[in-house]
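A short worksheet on the structure shown next.
Chain A is the first sequence line, chain B the second, and so forth, proteins listed ahead of strands; every chain is numbered from 1. Owing to the predicted nature of the structure, the values given are computational and were not obtained by experimental measurement.
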Amino acid sequence: MTIQQRYQFIIDYFQEHAPNAETELIYDNPYQLLVAVILSAQCTDKRVNMTTPAIFARYPDPEALAKAEVDDVFQLIRSISYPNNKAKHLVGMAKMLVGQFHGQVPLTVDELVTLPGVGRKTANVITSVVDNQPNMAVDTHVFRVAARIGLTRNARTPLAAEKQLVSHFPEALIHKAHHWLILHGRYVCLARSPKCEECGVQPACLYFQKQLRAAKT
DNA sequence: ATCCCGAGGG
DNA sequence: CCCTCTGGAT
(Lines give C-alpha, C1' and ligand atoms only; values in the text may rest on other atoms or scores of the structure.)
Protein backbone atom coordinates (compact mmCIF):
# COMPACT_ATOMS: atom_id res chain seq x y z
CA MET A 1 0.00 0.00 0.00
CA THR A 2 1.39 3.40 -0.95
CA ILE A 3 1.30 6.32 1.45
CA GLN A 4 -1.46 7.92 -0.61
CA GLN A 5 -3.50 4.76 -0.34
CA ARG A 6 -2.94 4.77 3.42
CA TYR A 7 -4.27 8.29 3.70
CA GLN A 8 -7.25 7.38 1.54
CA PHE A 9 -8.01 4.37 3.71
CA ILE A 10 -7.92 6.51 6.85
CA ILE A 11 -10.21 9.08 5.28
CA ASP A 12 -12.71 6.49 4.08
CA TYR A 13 -12.65 4.61 7.36
CA PHE A 14 -13.22 7.57 9.63
CA GLN A 15 -15.68 9.31 7.34
CA GLU A 16 -17.78 6.21 7.86
CA HIS A 17 -17.11 5.58 11.56
CA ALA A 18 -16.62 9.08 13.00
CA PRO A 19 -18.13 11.54 10.51
CA ASN A 20 -18.94 14.09 13.22
CA ALA A 21 -15.68 14.09 15.15
CA GLU A 22 -15.34 17.41 16.95
CA THR A 23 -13.85 18.95 20.07
CA GLU A 24 -15.71 18.17 23.28
CA LEU A 25 -14.72 21.48 24.85
CA ILE A 26 -17.70 23.74 25.56
CA TYR A 27 -17.35 27.35 24.41
CA ASP A 28 -19.32 30.21 22.88
CA ASN A 29 -16.65 32.41 21.32
CA PRO A 30 -12.92 32.47 20.48
CA TYR A 31 -11.99 33.86 23.89
CA GLN A 32 -13.77 31.02 25.67
CA LEU A 33 -12.21 28.41 23.39
CA LEU A 34 -8.77 29.87 24.01
CA VAL A 35 -9.27 29.62 27.77
CA ALA A 36 -10.59 26.08 27.47
CA VAL A 37 -7.74 24.88 25.26
CA ILE A 38 -5.11 26.36 27.57
CA LEU A 39 -6.73 24.52 30.46
CA SER A 40 -6.94 21.25 28.55
CA ALA A 41 -3.24 20.38 28.66
CA GLN A 42 -2.75 17.02 30.39
CA CYS A 43 -6.37 17.07 31.45
CA THR A 44 -9.60 15.53 30.18
CA ASP A 45 -12.07 17.73 28.36
CA LYS A 46 -14.80 16.71 30.76
CA ARG A 47 -12.91 18.13 33.70
CA VAL A 48 -12.18 21.33 31.80
CA ASN A 49 -15.87 21.68 31.03
CA MET A 50 -16.65 21.37 34.73
CA THR A 51 -14.57 24.43 35.57
CA THR A 52 -15.02 26.78 32.61
CA PRO A 53 -18.62 27.89 33.38
CA ALA A 54 -17.46 29.54 36.61
CA ILE A 55 -14.54 31.19 34.82
CA PHE A 56 -16.68 32.51 31.98
CA ALA A 57 -19.29 33.82 34.44
CA ARG A 58 -16.75 35.69 36.55
CA TYR A 59 -14.47 36.74 33.68
CA PRO A 60 -16.78 37.08 30.66
CA ASP A 61 -14.19 38.75 28.45
CA PRO A 62 -10.43 39.38 28.17
CA GLU A 63 -10.80 42.75 29.90
CA ALA A 64 -12.25 41.13 33.02
CA LEU A 65 -9.69 38.33 33.06
CA ALA A 66 -6.86 40.79 32.59
CA LYS A 67 -7.83 42.50 35.84
CA ALA A 68 -8.18 39.25 37.78
CA GLU A 69 -5.98 38.25 40.68
CA VAL A 70 -3.95 35.18 39.69
CA ASP A 71 -4.85 33.53 42.99
CA ASP A 72 -8.59 33.98 42.39
CA VAL A 73 -8.21 32.25 39.02
CA PHE A 74 -6.12 29.57 40.70
CA GLN A 75 -8.95 28.85 43.15
CA LEU A 76 -11.36 28.37 40.26
CA ILE A 77 -9.12 25.90 38.39
CA ARG A 78 -7.37 24.12 41.23
CA SER A 79 -8.98 20.79 40.31
CA ILE A 80 -7.19 20.87 36.96
CA SER A 81 -3.63 19.82 36.15
CA TYR A 82 -0.99 22.50 36.66
CA PRO A 83 -3.33 25.12 38.19
CA ASN A 84 -0.48 27.43 39.17
CA ASN A 85 0.99 27.68 35.71
CA LYS A 86 -2.37 27.84 34.01
CA ALA A 87 -3.73 30.58 36.28
CA LYS A 88 -0.64 32.65 35.60
CA HIS A 89 -0.91 31.96 31.87
CA LEU A 90 -4.60 32.84 31.69
CA VAL A 91 -4.19 36.24 33.31
CA GLY A 92 -1.05 37.01 31.31
CA MET A 93 -2.78 35.90 28.14
CA ALA A 94 -5.75 38.18 28.83
CA LYS A 95 -3.47 41.11 29.58
CA MET A 96 -1.74 40.66 26.27
CA LEU A 97 -5.04 40.34 24.42
CA VAL A 98 -6.08 43.70 25.87
CA GLY A 99 -2.71 45.40 25.46
CA GLN A 100 -1.60 44.05 22.10
CA PHE A 101 -4.68 42.82 20.28
CA HIS A 102 -7.49 45.26 21.15
CA GLY A 103 -9.16 42.67 23.37
CA GLN A 104 -9.68 40.33 20.42
CA VAL A 105 -8.25 36.84 19.96
CA PRO A 106 -5.83 37.04 17.02
CA LEU A 107 -6.45 34.42 14.38
CA THR A 108 -2.98 33.76 13.06
CA VAL A 109 -0.67 31.08 14.46
CA ASP A 110 2.25 33.53 14.60
CA GLU A 111 0.31 36.00 16.75
CA LEU A 112 -1.29 33.34 18.94
CA VAL A 113 2.00 31.72 19.96
CA THR A 114 3.18 35.04 21.40
CA LEU A 115 0.49 34.71 24.08
CA PRO A 116 1.48 33.19 27.45
CA GLY A 117 0.38 29.57 27.70
CA VAL A 118 -0.21 29.27 23.97
CA GLY A 119 2.12 27.01 22.01
CA ARG A 120 1.88 25.81 18.46
CA LYS A 121 -0.57 23.03 19.26
CA THR A 122 -3.02 25.42 20.92
CA ALA A 123 -2.63 28.00 18.15
CA ASN A 124 -3.44 25.37 15.54
CA VAL A 125 -6.55 24.30 17.44
CA ILE A 126 -7.84 27.87 17.70
CA THR A 127 -7.23 28.81 14.07
CA SER A 128 -8.68 25.59 12.71
CA VAL A 129 -11.74 25.41 14.97
CA VAL A 130 -12.64 29.10 15.07
CA ASP A 131 -11.53 30.22 11.62
CA ASN A 132 -11.55 26.96 9.67
CA GLN A 133 -7.90 27.38 8.68
CA PRO A 134 -6.27 24.20 7.31
CA ASN A 135 -3.97 23.79 10.31
CA MET A 136 -3.22 20.49 12.06
CA ALA A 137 -2.71 20.51 15.81
CA VAL A 138 -0.24 17.73 16.64
CA ASP A 139 -0.51 16.58 20.23
CA THR A 140 0.85 13.37 21.71
CA HIS A 141 -2.02 11.30 20.31
CA VAL A 142 -1.77 12.64 16.78
CA PHE A 143 2.01 12.31 16.83
CA ARG A 144 1.98 8.71 18.02
CA VAL A 145 -0.92 7.46 15.90
CA ALA A 146 0.31 9.07 12.70
CA ALA A 147 3.77 7.58 13.20
CA ARG A 148 2.43 4.09 13.89
CA ILE A 149 0.09 3.96 10.93
CA GLY A 150 2.73 5.40 8.64
CA LEU A 151 1.03 8.70 7.83
CA THR A 152 4.28 10.33 8.85
CA ARG A 153 7.77 9.03 8.08
CA ASN A 154 10.81 9.85 10.18
CA ALA A 155 9.10 12.80 11.82
CA ARG A 156 11.05 13.44 15.00
CA THR A 157 9.17 16.52 16.13
CA PRO A 158 5.50 17.49 16.22
CA LEU A 159 6.26 20.26 13.73
CA ALA A 160 7.74 17.82 11.23
CA ALA A 161 4.71 15.55 11.64
CA GLU A 162 2.39 18.51 11.23
CA LYS A 163 3.92 19.46 7.89
CA GLN A 164 3.65 15.94 6.52
CA LEU A 165 0.05 15.54 7.65
CA VAL A 166 -1.02 18.92 6.30
CA SER A 167 0.55 18.17 2.94
CA HIS A 168 -1.21 14.82 2.56
CA PHE A 169 -4.73 15.37 3.89
CA PRO A 170 -7.12 17.28 1.62
CA GLU A 171 -7.41 20.82 2.94
CA ALA A 172 -11.09 20.49 3.76
CA LEU A 173 -10.45 17.41 5.91
CA ILE A 174 -7.46 18.55 7.97
CA HIS A 175 -9.57 19.84 10.81
CA LYS A 176 -11.55 16.61 10.97
CA ALA A 177 -8.48 14.40 10.62
CA HIS A 178 -7.05 15.99 13.75
CA HIS A 179 -10.03 14.77 15.77
CA TRP A 180 -10.02 11.38 14.07
CA LEU A 181 -6.45 10.69 15.11
CA ILE A 182 -7.07 11.94 18.65
CA LEU A 183 -10.12 9.73 19.11
CA HIS A 184 -8.24 6.77 17.68
CA GLY A 185 -5.31 7.41 19.98
CA ARG A 186 -7.51 7.79 23.02
CA TYR A 187 -9.62 4.68 22.59
CA VAL A 188 -7.80 2.23 20.29
CA CYS A 189 -4.21 3.13 19.47
CA LEU A 190 -3.18 3.49 23.12
CA ALA A 191 0.33 4.62 23.96
CA ARG A 192 1.47 1.56 25.93
CA SER A 193 -0.58 -1.29 24.54
CA PRO A 194 -2.47 -0.47 21.35
CA LYS A 195 -5.58 -2.55 20.76
CA CYS A 196 -4.55 -3.75 17.32
CA GLU A 197 -6.86 -6.78 17.39
CA GLU A 198 -9.92 -4.54 17.49
CA CYS A 199 -8.57 -1.83 15.21
CA GLY A 200 -10.33 -1.10 11.93
CA VAL A 201 -7.26 0.59 10.49
CA GLN A 202 -5.21 -2.65 10.43
CA PRO A 203 -4.97 -2.96 6.62
CA ALA A 204 -3.42 0.51 6.34
CA CYS A 205 -1.20 0.37 9.42
CA LEU A 206 2.56 -0.13 9.15
CA TYR A 207 2.81 -0.91 12.86
CA PHE A 208 0.26 -3.71 12.55
CA GLN A 209 1.88 -5.14 9.43
CA LYS A 210 5.19 -5.19 11.24
CA GLN A 211 3.67 -7.08 14.19
CA LEU A 212 2.19 -9.52 11.71
CA ARG A 213 5.53 -10.25 10.06
CA ALA A 214 7.23 -10.61 13.43
CA ALA A 215 4.64 -13.15 14.55
CA LYS A 216 5.16 -15.33 11.47
CA THR A 217 8.86 -15.85 12.00
C1' DA B 1 0.71 2.79 38.98
C1' DT B 2 -0.62 5.15 34.87
C1' DC B 3 -2.89 8.11 32.04
C1' DC B 4 -5.08 12.56 30.41
C1' DC B 5 -5.97 16.80 23.13
C1' DG B 6 1.29 20.98 26.50
C1' DA B 7 4.07 24.95 27.46
C1' DG B 8 7.97 27.25 29.29
C1' DG B 9 12.41 27.27 30.95
C1' DG B 10 17.08 25.48 31.77
C1' DC C 1 17.30 17.91 24.57
C1' DC C 2 15.68 17.47 29.20
C1' DC C 3 13.01 18.88 33.23
C1' DT C 4 9.14 20.72 35.77
C1' DC C 5 4.48 21.87 36.64
C1' DT C 6 0.63 18.80 39.23
C1' DG C 7 -4.89 16.97 40.11
C1' DG C 8 -8.23 13.61 39.35
C1' DA C 9 -9.95 9.23 37.35
C1' DT C 10 -9.22 4.46 36.68
side-chain N/O A:T140 vs B:dC4 OP1/OP2, d < 4.0 Å: no

A:R120 vs B:dA7: side-chain N/O to OP1/OP2 distance below 4.0 Å: no

Check: residues 93-110 of chain A side-chain donor-acceptor pairs under 3.5 Å, at least two apart:
unit_1, atom_1, unit_2, atom_2, d
A:T108, OG1, A:E111, N, 3.2
A:T108, OG1, A:E111, OE1, 2.8

A:R148: partners by side-chain hydrogen bond (donor to acceptor under 3.5 Å, both in side chains), with sequence neighbours left out: none

Qualifying residues under side-chain hydrogen bond (donor to acceptor under 3.5 Å, both in side chains), relative to A:D61, sequence neighbours excluded: none

Can you check the [X] [atom1] to [N] [atom2] distance for me, whole Å?
X	N	atom1	atom2	result
A:E162	B:dG6	CD	C1'	14 Å
A:L159	B:dA7	CG	P	13 Å
A:R78	C:dT6	CZ	C1'	12 Å
A:K121	B:dC4	NZ	P	13 Å
A:I126	B:dC5	CD1	P	16 Å
A:N85	C:dG7	CG	C1'	13 Å
A:K88	C:dC5	NZ	P	11 Å
A:F143	B:dC4	CZ	C1'	18 Å

When the [atom1] atoms of [M] and [N] are compared, how many Å lie between them, rounded to an integer?
N	M	atom1	result
B:dG10	C:dT6	P	16 Å
B:dC4	C:dC5	C1'	15 Å
C:dC3	B:dC5	P	24 Å

Would you be so kind as to tabulate the donor-acceptor pairs closer than 3.5 Å made by side chains of residues 181-193 of chain A, with sequence neighbours excluded?
unit_1, atom_1, unit_2, atom_2, d
A:R186, NH1, A:E24, OE2, 3.4

Ring-on-base stacking C:dT6 with A:Y82 (under 5.5 Å, under 30°): no

Distance-only polar pair, side chains of A:N135 and A:T127, donor-acceptor under 3.5 Å: yes

Pair A:E22-A:H175, side-chain donor/acceptor within less than 3.5 Å: yes

Contact class for [X] vs. all strands (heavy atom < 4.0 Å): base, sugar-phosphate, or nothing?
X	result
A:T23	base
A:R186	base
A:S81	base
A:I182	base
A:N84	sugar-phosphate

Backbone N/O of A:Q202 and side chain of A:Q209: donor-acceptor pair under 3.5 Å: yes

Neighbour count >12 (heavy atoms, 6.0 Å) for atom CG, A:D71: yes

A:S79 side-chain proximity, nearest of B:dC4, C:dG7, C:dT6: C:dG7

Closest to the A:T122 side chain, choosing from C:dG7, B:dC3, B:dG6: B:dG6

Within residues 24-55 of chain A: residues closer than 4.0 Å to DNA chain C (heavy atoms): A:Q42, A:R47

Minimum side-chain heavy-atom gap [X]-[Y] below 4.5 Å:
X	Y	answer
A:N84	A:F74	yes
A:V35	A:I38	no
A:V138	A:K121	no

When you compare the protein's N or O atoms with those of nucleotides 8-10 of chain B, which come within less than 3.5 Å of each other, and at what distance?
unit_1, atom_1, unit_2, atom_2, d
B:dG8, OP1, A:G117, N, 2.8

